[in-house]
Protein chains: 2
Amino acid sequence: MAETDALDPEQLGVYFALKEVVSLLQHGVEQQLRAGGDLSYVQFQLLVRLVDAEGQLTMTDLADGVVYSRSGLTYQAGLLEKAGLITRSTCPDDERATRVTVTDAGRARLAEVLPGHIQVVRRLLFAPLAQNDLNALSDIMNRVRDHMRSRPPRSAAPRKQRGDTAR
Amino acid sequence: MAETDALDPEQLGVYFALKEVVSLLQHGVEQQLRAGGDLSYVQFQLLVRLVDAEGQLTMTDLADGVVYSRSGLTYQAGLLEKAGLITRSTCPDDERATRVTVTDAGRARLAEVLPGHIQVVRRLLFAPLAQNDLNALSDIMNRVRDHMRSRPPRSAAPRKQRGDTAR
DNA sequence: TATTGTTATACTCTATAACTATA
DNA sequence: TATAGTTATAGAGTATAACAATA
């Protein structure tokens, strides 16, 4: 099957269903995070990463997988710092780098939103799934994620496409 | 299992993997649509809907499932109209409504981006999946989507959460 | 020279509320 | 009164490029 063939109807259906599901999930989750803890989803992710890492990460570590530009991270980190949820300081090992630390307030804030967050995810996503669905979904998503990560992320956009130059 | 219990590790893993996969997919797709056809993903979706509907839909029809506010749709439709890809006119049946029509240029633009779009989706999402994965994923996503649609969409955010008032 | 991170800036998108017009 | 849609406006987020500082 050539790479340029059209998606068959089942693939198309899966693609659209996946997009719709995640869009609705994302919307629900963002509402909850904003209402329950005044956090954007990106800020939430950054806090999760920091707590998982038991404290300290560099800006570059932190950016990986969360944000697609360095300045975007600086912006979000600036908001988190202003809110007192993280601290930034020059890294002693490498003075170019910035060491980011969660504060106690940051941990507290995360603890505050997490139950509601989980509740939304459970209600929207997991409620209609059985254990074997979970296993299958887990297997599939991990496989796809590994596949995506193994590709050069920035070349996801095809270089030259029929029509690219026609504008 | 109570609704407020923590997500077990497998659920958490599935949730994060799903989010990452769709985030990477979304990013790849948006880059391609912008580079290959100067369209945002929302605009792409609107064109797809209009073509699927064989021409004409009302603004409200069009909004459903694509956008979370009416003004957001007006904005995007305004861009599409300015680009000559759609037309808006008062609906004869109900003079409050606006009838939206794809132009030939709109169809052409969609035809222009679609191959590249499909290529990106295939490469990122479907490449590592076998037929039985597709079946499983299709079944699961359709089930979840039906479940989400059956809930009152705007109450996805819990009303009052521990900590809601502590800010 | 390459890398880390920030800043300035411009732009896109979204949401709320107020508004018009029709049913 | 309720519904369809637009407008005004303000805010959140993102990306690019230029920049400073360290490796």
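Every chain is numbered from 1 and lettered A, B, ... according to where its sequence line falls, protein lines coming before strand lines. Owing to the predicted nature of the structure, the values given are computational and were not obtained by experimental measurement.
B/D133 contributes a side-chain N or O that, together with a main-chain N or O of B/A130, makes up a donor-acceptor pair within less than 3.5 Å. Of the possible polar contacts, one joining the B/R109 side chain to the B/G37 backbone as a donor-acceptor pair under 3.5 Å is found.
Between A/Q11 and B/R122, some side-chain heavy-atom pair lies under the 4.5 Å cut-off.
Straight-line distance from the NZ atom of A/K82 to the C1' atom of C/dT6: 14 Å, rounded to whole Å. The interatomic distance linking A/R88 (CZ) with C/dG5 (C1') rounds to 9 Å, in whole Å. In this structure, A/L57 places its CG atom 14 Å from P of C/dT4, rounding to the nearest Å. To the nearest angstrom, C1' of C/dC13 lies 15 Å from CG of B/L39. Atom P of nucleotide C/dT3 and atom CG of A/D61 are separated by 16 Å, given to the nearest angstrom.
Considering only residues two or more places apart in sequence or on other chains, B/E54 meets the side-chain contact (heavy atoms from CB on, under 4.5 Å) condition with none of them. Shown here are the side-chain contact (heavy atoms from CB on, under 4.5 Å) partners of B/A53, two or more places apart in sequence or in another chain: B/L57. With sequence neighbours left out, A/Q76 forms a side-chain contact (heavy atoms from CB on, under 4.5 Å) with A/S40, A/V42, A/Q43, A/L46, A/L79. In this structure A/Y15 satisfies the ring-ring contact (aromatic ring centres under 6.0 Å, His included) test together with B/H117, sequence neighbours excluded. Under the side-chain contact (heavy atoms from CB on, under 4.5 Å) criterion, A/A17 pairs with B/M141, B/N142, B/R145, sequence neighbours left out.
Across all strands, B/L62 comes closer than 4.0 Å to no nucleic acid atom at all (heavy-atom distances).
Using a 4.0 Å cutoff on non-hydrogen atoms, the parts of residues 95-103 of chain A near DNA chain C are A/R96, A/A97, A/T98, ordered by number.
The side chain to side chain donor-acceptor pair (under 3.5 Å) contacts involving residues 44-53 of chain A comprise nothing, where partners must be two or more places apart or lie in separate chains. Each side chain to side chain donor-acceptor pair (under 3.5 Å) pair with one or both residues in residues 85-95 of chain B, not counting sequence neighbours, appears once here: B/E81-B/R88, B/D94-B/R96.
Comparing the start and finish of the helix from C/dT1-D/dA23 to C/dA23-D/dT1, five pairs each, the helix axis swings through 0°, to the nearest 10 degrees.
Shortest non-hydrogen contact noted between B/S138 and A/V14 is CB-CG2, 3.5 Å. What you find for A/P128 and B/R143 is that their closest heavy atoms are O-NH1, 3.1 Å.
When each of A/S40 and A/P92 is assigned the nucleotide of DNA chain D with its nearest heavy atom, A/S40 is the one assigned upstream, toward the 5' end.
Nucleotides of DNA chain D that come within less than 4.0 Å of any heavy atom of chain A span, from the 5' end to the 3' end, D/dA12 to D/dA23.
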Might you list the N or O atoms of the protein lying below 3.5 Å from N or O atoms in nucleotides 14-17 of chain C, with each pair's distance?
residue: C/dT14; atom: OP2; partner: B/Q76; partner atom: NE2; Å: 3.3
residue: C/dA15; atom: OP2; partner: B/S69; partner atom: OG; Å: 3.3
residue: C/dA15; atom: N7; partner: B/S71; partner atom: OG; Å: 3.0
residue: C/dT16; atom: O4; partner: B/S71; partner atom: OG; Å: 2.5

List the atom pairs, donor and acceptor, that lie under 3.5 Å between side-chain atoms in residues 97-105 of chain A and the rest of the protein, sequence neighbours left out.
residue: A/T103; atom: OG1; partner: A/G84; partner atom: O; Å: 2.7
residue: A/T103; atom: OG1; partner: A/L85; partner atom: O; Å: 3.1
residue: A/T103; atom: OG1; partner: A/A105; partner atom: N; Å: 3.4
residue: A/T103; atom: OG1; partner: A/G106; partner atom: N; Å: 3.0

